[in-house]
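Order of the sequence lines sets the chain letters (A, B, ...), proteins ahead of strands, with each chain counted from 1.
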There are 2 protein chains.
Amino acid sequence: MPTISKENYLKAIFSYSTELENNASTSRIANHLSISSSAISDMAKKLSKEGLVKYKKYKGIMLTPNGEKAALKIIRRHRLWELFLINVLGLDWSEVHDEAEKLEHYSSDFLIDKIDEFLGNPDFDPHGHPIPKKNGSIPEIPNVILLSEVETNNKYELIRVNDRDSELINYLKKVGLKLSSKLEIVDKVNYDNSISVMFKKKNITLSKKVTDNLFVRLIEE
Amino acid sequence: MPTISKENYLKAIFSYSTELENNASTSRIANHLSISSSAISDMAKKLSKEGLVKYKKYKGIMLTPNGEKAALKIIRRHRLWELFLINVLGLDWSEVHDEAEKLEHYSSDFLIDKIDEFLGNPDFDPHGHPIPKKNGSIPEIPNVILLSEVETNNKYELIRVNDRDSELINYLKKVGLKLSSKLEIVDKVNYDNSISVMFKKKNITLSKKVTDNLFVRLIEE
DNA sequence: GTACAAAGTTAAGCTTGCTTAACAATTAAG
DNA sequence: CTTAATTGTTAAGCAAGCTTAACTTTGTAC
Ligand SMILES: [Mn+2]
Ligand SMILES: [Mn+2]
Ligand SMILES: [Mn+2]
Ligand SMILES: [Mn+2]
């Protein structure tokens, strides 16, 4: 039974180890969790002893199959709670992440399954992230492109948003963008890497900071 | 901001200090929380420093107005969660207490108010306990009698159950008793203090252990 | 390759919330 | 009242999870 702290470490390691290198560096995790890097080294040893992590000094941290299973379990809880809070209690897109960040550690398997069932075993959370299934499998993710890397004149649908940045989400709300919003790329501005898009018949400009955190899918005409 | 541990102490102190003496003894709290009594003495000092508790060595612990406010806040959370889990997710009478025992510490005021609103600002939880209001007031409690102290031939309605004893609740479920069940007292057996009641046209016997944990209200004919 | 900067680790120490063991106060019995 | 049992407190110590500071390894620039 991992503690709360360990659950958070596992989630953080997971979120970096699945990227390019498949191994999370001390500093990335430290930064992600806002904890000193010495604490990370320390914890890496403990998790390693418990068989949740593979750790070689100075060489980064990687989840073992058991560690990944544990991480997916927490991520499942997080995302089910997020969806539940929105669907049932009417919380806002930008409000659920922080609540879920706590609730994920304090709900029994039994309760989580009830929530899953209540929601109809959903595949995606409110930010477009896949919800791991009870058995640890992950719903298939559609072909996804960073909005900063799209091509001019194509049409795209917004399908994923970084949920850790509530300011980003508030910005999107202000602009009117939601999941499944349709965007047509009008121009890619070389100077500042911003993108000009047609959205609901209006032309808006999105900065690199924004487009680097939004994922879209090409819409076939 | 009390920690989780402190929140539990405050709840425990509250539950004893509101009884007869208005002051909770070290050993009762220790027993209640399954924690050594030396830890209680220790914590009493800390809570006292924070102004949540009045503590005189060897003389017991009493909540200050601030401490009571804090305790009621947690109790409110607990009871709202219990009702919510039953009403919305279909959990059972006997299942909600343990879940609520954790969730009560990890929900924002905002979320709790949403739940309260969703449930229609209910006055009582699934075990018949009053749910403190946001402003700290407590819904008026009907005139309540211990089932072990009722009089023969009268009719009573079951209106409160000790929620900490899930075995008791399972027993009640087996027998078919719920909140608002109507009971007619047939006989009080002097020998073992059990009570014989008429319930749904059947005669059942309830032991002292059971009747000491059930509260009823006299039904006027 | 050397030298220095950046990243990572180890060491020492702190806080919270517990434990057990030794000691002190209170209470109950006679 | 005195004494013994009960109850409560203090002291010492431990584990978890952090911190900062000192040290080590690794990577980069020349
Ligand atoms: Mn989230
Ligand atoms: Mn999400
Ligand atoms: Mn309860
Ligand atoms: Mn209850």
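- In this structure, A:Lys56 atom NZ and D:dT26 atom P are separated by 12 Å, rounded to whole Å.
- No donor-acceptor contact under 3.5 Å links the side chain of B:Ser41 to the base of D:dT10.
- Between B:His105 and A:Tyr106, the gap from one ring centroid to the other reaches at least 6.0 Å.
- Using modelled atom types, one finds no donor on one side chain facing an acceptor on the other under 3.5 Å when comparing A:Glu99 with B:Ser107.
- Among D:dC18, C:dT9, C:dC18, the nucleotide with an atom closest to any side-chain atom of B:Ile35 is C:dC18.
- Protein atom CD1 of B:Ile40 is 15 Å distant from nucleotide atom C1' of C:dT20, rounded to whole Å.
- Note: NZ (B:Lys49) to P (C:dT16) measures 10 Å, nearest angstrom.
- Picking from C:dT9, C:dG17, D:dT9 the nucleotide with the shortest atom distance to the side chain of B:Thr26 gives D:dT9.
- In this model, no donor atom of one side chain and acceptor atom of the other lie less than 3.5 Å apart for B:Ser5 and B:Thr3.
- Between the C1' atom of C:dT9 and the CD1 atom of A:Ile61 lies a distance of 12 Å, rounded to the nearest Å.
- With B:His97 as reference, B:His78 is the one residue of B:His127, B:Arg164, B:His78 to meet the side chain to side chain donor-acceptor pair (under 3.5 Å) rule.
- Of the side-chain N and O atoms in B:Lys57, one or more sit less than 4.0 angstrom from OP1 or OP2 of D:dT10.
- Using a 3.5 Å distance cut-off with no hydrogens or angles, the side chains of B:Asp192 and B:Ser194 do pair a donor with an acceptor.
- At its two ends the helix from C:dG1-D:dC30 to C:dG30-D:dC1 runs along axes set 0° apart, each axis drawn from five pairs and the angle rounded to 10°.
- Atom CG of A:Asn31 is separated from atom P of C:dG8 by 11 Å (rounded to the nearest Å).
- Applying the side-chain contact (heavy atoms from CB on, under 4.5 Å) criterion to A:Tyr58, with sequence neighbours excluded, gives no partner residue.
- Residue B:Lys45 places at least one side-chain N or O closer than 4.0 Å to OP1 or OP2 of D:dT10.
- Nearest to the side chain of A:Ser5, among D:dC18, C:dC18, C:dG17, sits D:dC18.
- Each of B:Asp125, B:Asp113, B:Asp123 was compared with B:Arg76 under the salt bridge (charged side-chain N to carboxylate O under 4.0 Å, His left out) criterion, and only B:Asp113 meets it.
- Taking atom CD1 on A:Ile4 and atom C1' on C:dG17, their separation rounds to 13 Å, with Å as the unit.
- Side-chain proximity of B:Ser37 to D:dT9, C:dT9, D:dG17: nearest is D:dT9.
- For B:Ser27, the listed nucleotide lying nearest its side chain is D:dT7; candidates were C:dT26, D:dT7, D:dG17.
- Distances shorter than 4.0 Å separate none of the side-chain N or O atoms of A:Tyr58 from OP1 or OP2 on C:dT10.
- Residue B:Tyr55 has a polar side-chain atom (N or O) positioned under 4.0 Å from OP1 or OP2 of D:dT9.
- Across all strands shown, B:Ser36 has heavy atoms under 4.0 Å from base atoms, whether or not it also approaches the sugar-phosphate.
- In this structure, the CD atom of B:Glu7 is 11 Å from the P atom of C:dG17, given to the nearest Å.
- Rounding to whole angstrom units, NZ of residue B:Lys59 and C1' of C:dA24 are separated by 13 Å.
- At C:dT16, none of the side-chain N or O atoms of B:Tyr9 fall inside 4.0 Å of OP1 or OP2 (strictly under the cut-off).
- Scanning atom types as modelled, one donor and one acceptor separated by under 3.5 angstrom connect the side chain of B:Ser38 and the base of C:dT20.
- The aromatic ring centroids of B:Phe124 and B:His129 lie 6.0 Å or more from each other.
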